[in-house]
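Presented below is the structure to which this report refers.
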Amino acid sequence: MIKDDNNCVGIRENFNVSIAINDQILFSKKINLNDFINIRDIENKVIAAVDASYTKNDLGIGVAIAFEYPSYNIIDCELIARKVCIPYIPGLLAFREMYLISTPLLKLLKKVKPQVLFVDGHGYAHPRFAGIATHIGIVFDIPTIGIAKKKLVGEEVVENNELYLRFKDRLVSKILLINNKKIYVSPGNKISLENSFNITKLMIGKFNLPIPIYLADKLSKIAKRNLEVSYLDSSNIFSINNNLSNLCKKLINKIK
DNA sequence: GCGACAG
DNA sequence: ATCTTGTCGC
């Protein structure tokens with residue numbers, strides 16, 4: 001049988017679009033765009049990233065990974081697999097993915113103290129200035145940077161020879177070019193737009209994404225492959241769930 | 001009404 | 001995000 005925790009009872013029923021939108025307006029009032037991290041304070045320190053991936057039948061995988069900068073040696077990781085209960089609605093991504101990400105992230109933060117957390121998705125560059133990077137940054141009270149491959153809101157503008165996204169008269173995102181592809185960087189919480197951009201710029205490697213996001217994305221996809229094998233073998237989500245933390249550590253070696 | 005629309 | 005056939009390159 002499937003463990004209660006993997007069902008959507010009490011989650012799907014409690015999700016309501018207009019309440020969710022109201023929650024985001026409340027979040028937007030709590031955003032702190034001041035810098036709680038200096039670009040000089042990340043050398044040889046811990047950085048973290050979170051991401052989610054999905055399989056068939058409403059199964060989602062959430063991962064949290066911590067590594068050292070600039071070696072990118074992975075220090076720790078956590079992951080979880082559970083049923084996905086909330087649909088994807090543009091602007092409300094956080095309500096779908098927080099559910100997958102919060103558990104592994106909480107476990108990770110009990111063990112390591114990252115200077116900053118990278119999140120796959122927008123932060124400030126959001127219809128209500130509260131994307132998933134903002135949700136996570138406020139709930140976990142940590143500096144977060146939102147990294148998105150596609151824009152959600154705003155128009156491109158040039159200011160001081162640099163490319164930004166402007167929305168409702170505010171500069172909400174600064175666009176980073178990696179191999180001629182646009183990456184939309186926006187602050188989540190406890191960090192400024194410029195600092196978000198400058199720190200992200202340091203994280204460019206040989207991939208088309210900033211390294212933290214690349215690593216989290218890679219881990220979630222490797223985990224998914226391994227989960228599907230286990231799932232088919234055992235047909236039992238419960239038994240998989242108990243070993244996810246160990247599985248995560250085993251998968252670290254496969255990333256590189 | 002029409003187009004846009006993170007993952 | 002995921003699904004997918006074929007193609008390019010190491």
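What you see below is based on every heavy atom in this structure, not just the backbone, and it leaves out hydrogens, waters and symmetry mates.
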Using modelled atom types and a 3.5 Å cut-off, is there a donor and acceptor pairing between side-chain atoms of [X] and backbone atoms of [Y]?
X      : Y      : value
A:H122 : A:S186 : no
A:N32  : A:N34  : yes
A:R82  : A:Y99  : yes
A:N160 : A:E162 : no

Candidates B:dA6, B:dG7, C:dT2 - which lies nearest the side chain of A:S53: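 Selected nucleotide (nearest to the side chain): C:dT2.
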Rounded off to whole Å, could you give me the [atom1]-to-[atom2] distance for the [X] and [N] pair?
X      : N     : atom1 : atom2 : answer
A:M98  : B:dG7 : CE    : C1'   : 15 Å
A:L100 : B:dG7 : CG    : C1'   : 11 Å
A:D120 : C:dA1 : CG    : P     : 7 Å
A:L165 : B:dA6 : CG    : P     : 12 Å
A:Y88  : B:dC5 : OH    : C1'   : 6 Å
A:L152 : B:dG7 : CG    : P     : 9 Å
A:L93  : B:dA6 : CG    : C1'   : 6 Å
A:Y99  : C:dA1 : OH    : C1'   : 17 Å

Touch check for [X], heavy atoms < 4.0 angstrom, all strands: base, sugar-phosphate only, or nothing?
X      : value
A:I101 : nothing
A:G91  : base
A:I132 : base

Using a cut-off of less than 4.0 Å, is there contact between a side-chain N or O of [X] and OP1 or OP2 of [N]?
X      : N     : answer
A:K221 : C:dA1 : yes
A:K224 : C:dT2 : yes
A:K149 : C:dA1 : yes

A:E156 bridged to A:K182 by N-O distance under 4.0 Å: yes
Side chains of A:L92 and A:Q24 in contact at under 4.5 Å (non-hydrogen atoms):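 Answer yes - side chains close enough.
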Can you tabulate the close N/O pairs, meaning under 3.5 Å, that link protein atoms to atoms of nucleotides 7-10 of chain C?
none

Pair A:D51-A:S53, side chain to side chain donor-acceptor pair (under 3.5 Å): steps then yes or no: CA-CA 7 Å; A:D51 192 21; A:S53 61; over 6 Å; no
